[in-house]
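In what follows, a single structure is set out as structure tokens and then discussed.
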Amino acid sequence: MSWRRLWAIVVKELRQLARDRITLAMIVGIPVIQLVLFGYAINTNLRGLDAGIADQADTAGSRALVMDMLATGVIAPAAHVDTPEELVEMLRQGRISIGVAIPPDFERRRHDGRQVAQVMVDGSDNVVQSAAAQLAQVPVDSAAPDTRAPLVSTPADGPIGIVSFYNPQRRSAVNIVPGLIGVILTMTMVLFTGIAIVRERERGNMELLIATPLSSAELMVGKVLPYIGIGLVQTTVILALGRGLFAVPIQGSLLDVYLAAGLLILANLTMGLLISTRAQSQFQAMQMTFFVFLPSILLSGFMFPFAGMPGPVRWLAEALPLTHFMRLIRGIMLRGAGLAELWREVAALGAFTAVMMAAAILRFRKRLD
Amino acid sequence: MSGAGQDTAIRARGLTKRFGQLVAVDHVDLAVPARHVYGFLGPNGSGKSTTIRMLCGLLTPSEGEIDVLGLSVPREAEALRRRIGYMTQKFSLFDDLEVRENLEFMAAVQGVPKARTARRIDELVEQYHFGDCQKQLAGTMSGGQKQRLALACAVIHEPELLFLDEPTSAVDPESRRDFWEKLFELADGGTTLLVSTHLMDEAERCHRLAVLDRGVLVADGTPAELTARLEGRAFVVASAQPRRAQRRLAELPEVLGVAQVGNELRVLMRAGGPEGGAALARLERVLADGGPAARIRPVRPNLEDVFVAVTRQQRPREERAA
Ligand SMILES: Nc1ncnc2c1ncn2[C@@H]1O[C@H](COP(=O)(O)OP(=O)(O)O)[C@@H](O)[C@H]1O
Ligand SMILES: [Mg+2]
């Protein structure tokens with residue numbers, strides 16, 4: 001491995017990249033657009049959701065609670081019904097998005113400090129999911145408002161319980177943004193290197209390159225290095241937006257977050273390289289990228305809980321870098337775990353990268369036939 | 001290095017390349033003397049690029065042996081790559097890099113010593129007239145400029161042997177002349193050059209050349225040797241009705257080819273038939289007898305005639321073999 005030749009490739013890639021406006025726009029544009037798009041789905045400040053209310057207590061206290069909930073503006077009264085069962089029925093029919101049920105023994109429950117009300121949501125919709133979380137923050141004792149810290153409490157522990165239908169997992173912005181880092185990195189990183197080698201072949205540069213002393217390892221590593229930086233830039237964009245727009249916390253260390261992102265970036269870049277050595281055209285490379293991207297999104301635990309998958313699907317999921325990254329990043333950002341505790345996922349990503357890189361270098365022949 | 005490596009830069013025996021059913025290069029024997037400009041002449045699809053690619057180790061031969069600069073190819077192709085320059089048929093530098101950036105990249109990749117790189121690039125910029133367009137993107141240059149840049153990049157590490165695959169096919173005649181000046185300068189400096197072309201006037205400039213036709217090497221030698229073999233068989237016919245004269249002459253069994261060149265016809269006689277004065281008399285007799293009035297004079301054969309002679313006379317033999 002000659003450092004000079006390796007560096008020459010890196011400089012060349014960076015120079016070409018600097019002149020490639022579309023790719024440059026994609027580097028920042030994809031994370032921003034994705035995050036904003038998902039942001040609508042995870043926006044916690046929704047207003048005017050159709051709500052059904054079943055106030056079986058009908059006391060001054062229960063009416064005050066309902067008024068407080070309406071005052072948040074999150075829900076608008078669509079129907080007043082008598083029983084929680086009717087709310088469930090209306091939810092199922094899609095006539096309301098949220099149901100508020102107050103049991104007849106509201107006053108006694110309040111006195112005993114038990115749960116006084118239930119917010120029922122259509123959990124298949126993330127939007128509503130997070131709106132319910134907001135409703136549950138409404139202080140029950142309206143005489144003493146603002147005594148509870150907003151947003152940090154876990155709704156289930158408060159006096160207002162949330163019952164989520166159709167999605168007991170209750171994912172929210174906080175849950176989605178960390179995963180989104182992985183999804184965006186998978187999409188862009190695989191694509192960038194996926195076309196890296198094919199493009200040189202299509203433009204005719206490859207015949208020149210392979211007729212020089214350049215080794216396949218120099219070429220492959222040189223192609224990957226610039227994109228590590230780009231991946232980290234994307235990670236920063238997502239973290240900053242996630243924090244600024246959706247107040248996504250980082251419980252663990254920021255360094256661990258970047259290290260985890262770096263591992264996923266490497267895994268994806270090397271997978272892209274392998275694709276690139278196989279693909280005959282840029283179009284084929286994109287198809288193959290998509291072929292990897294779809295299962296990643298579906299099976300990694302980003303969309304559906306991993307625990308619910310049948311055995312063989314899980315094995316497949318275990319082979320995808322995004323699956324391991326999901327566990328890493330959620331552990332670090334949401335539970336405050338350290339990278340060292342999550343060493344299994346680190347090892348999995350490292351092994352994946354090593355295998356992909358070796359395969360790409362071995363597959364790449366300095367030959368035309 | 002072996003003695004052969006000193007005088008003969010490239011030696012190939014029985015070189016063959018098959019792509020499925022197609023035999024792109026068919027048992028070619030080659031000996032390219034060092035410090036010469038050696039031409040590969042042949043029409044499109046005759047196997048020039050395929051042969052060059054095999055010689056620089058980019059394609060694996062189906063059969064045959066190759067010795068380039070004393071190295072056995074493709075086994076020692078990696079060692080060879082440090083000592084050769086290759087200019088591909090299609091422009092293969094980076095369109096989205098500036099002229100100087102392309103040169104810098106190639107210098108680094110080809111291992112020009114770091115301390116020498118800037119000076120070497122300045123030298124090339126000067127020699128190849130890039131003084132005022134060093135900052136221009138390669139993709140925005142004219143065909144002639146691109147070819148000059150490709151050549152500059154191919155010689156940046158001062159290779160002993162240079163492969164040039166149809167280097168001037170997309171270039172105007174003026175640039176072509178300049179380009180060939182450079183090639184001869186390189187040959188004078190001790191570089192061996194192998195240049196493929198489908199242009200006769202370009203082939204004419206080579207020290208030696210090989211004529212390829214459908215993958216078969218049909219003739220080789222200096223241009224003078226090749227044309228000398230056809231002495232007495234080439235004629236020019238000037239007639240007021242060239243098309244009619246052409247039809248008449250083409251019917252003759254002893255005529256190998258008749259081609260219209262401007263207002264005149266160029267006639268090549270078959271080997272083994274009448275030559276010189278006898279051939280002239282025969283042609284005159286034919287045209288006087290029912291053909292249009294015409295003046296016929298003998299001419300010096302050129303490479304076009306060589307090409308016609310070797311390819312047409314090859315054909316019947318092949319067909320019989322098949
Ligand atoms: N990679 C390949 N696969 C299949 N056929 C090829 C390939 N490369 C060249 N050929 C065929 O081999 C023949 C010789 O091609 P080539 O060497 O490019 O000729 P030239 O350079 O003289 O124009 C052509 O018929 C061409 O179509
Ligand atoms: Mg060719």
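Proteins come first, then strands; the chains are lettered A, B, ... in the order of their sequence lines, and each starts at number 1.
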Residue pair L58(B) / I210(A), side-chain heavy-atom distance below 4.5 Å
yes
For a 4.5 angstrom cut-off between non-hydrogen side-chain atoms, does P213(A) reach R82(B)?
yes
Name the member of L80(B), D95(B), V109(B), L97(B) that forms the most heavy-atom pairs with chain A at distances under 4.5 Å.
V109(B)
At what distance, to the nearest 0.5 angstrom, does SG of C153(B) lie from CG of L208(A)?
7.5 Å
Please examine the side chains of R367(A) and P74(B), heavy atoms only from C-beta on, and report whether any two atoms are closer than 4.5 Å.
yes
Got a donor-acceptor contact below 3.5 angstrom from the K12(A) side chain to the E101(B) backbone?
no
Scan the side chains in residues 267-275 of chain A for donor-acceptor partners under 3.5 Å anywhere in the protein, sequence neighbours excluded, and list what turns up.
| from | atom 1 | to | atom 2 | distance (Å) |
| --- | --- | --- | --- | --- |
| N268(A) | ND2 | T186(A) | OG1 | 3.4 |
| N268(A) | ND2 | L264(A) | O | 3.4 |
| T270(A) | OG1 | L266(A) | O | 2.8 |
| T270(A) | OG1 | A267(A) | O | 2.9 |

Under 4.5 Å heavy-atom distance to chain A, tell me which part of M87(B) shows up: side chain, backbone, both or neither.
neither
Suppose a student defines contact as a heavy atom less than 4.5 Å from any heavy atom of chain B. Which residues in residues 223-234 of chain A would they list?
none
Would you mind reporting whether R53(B) and E207(A) have side-chain heavy atoms less than 4.5 Å apart?
yes
Between F91(B) and chain A, which part of the residue has a heavy atom less than 4.5 Å away: side chain, backbone, both or neither?
backbone
Contacting region of E98(B) [heavy-atom separation from chain A under 4.5 Å]
both
Which atoms of L6(A) are under 4.5 Å from chain B, going by heavy atoms: the side chain, the backbone, both sets, or neither?
neither
Under 6.0 Å from the CZ atom of R243(A), do we count more than 12 heavy atoms belonging to anything else shown?
no
Between R365(A) and T60(B), does any side-chain donor sit less than 3.5 Å from a side-chain acceptor?
no
Side chains of T117(B) and R4(A): does their closest heavy-atom pair fall under 4.5 Å?
yes
Part of E200(A) within contact of chain B (heavy atom distance under 4.5 Å)
side chain
Looking at side-chain heavy atoms only, is the closest gap between R15(A) and F94(B) below 4.5 Å?
no
Out of curiosity, M106(B) CE to T212(A) OG1, how far, rounded to the nearest 0.5 Å?
6.0 Å
Is there a donor-acceptor pair under 3.5 Å between the side chain of D96(B) and the backbone N or O of Q16(A)?
no
Would you give the length of the straight line joining atom CD of E13(A) to atom CZ of F105(B), rounded to the nearest 0.5 angstrom?
8.5 Å
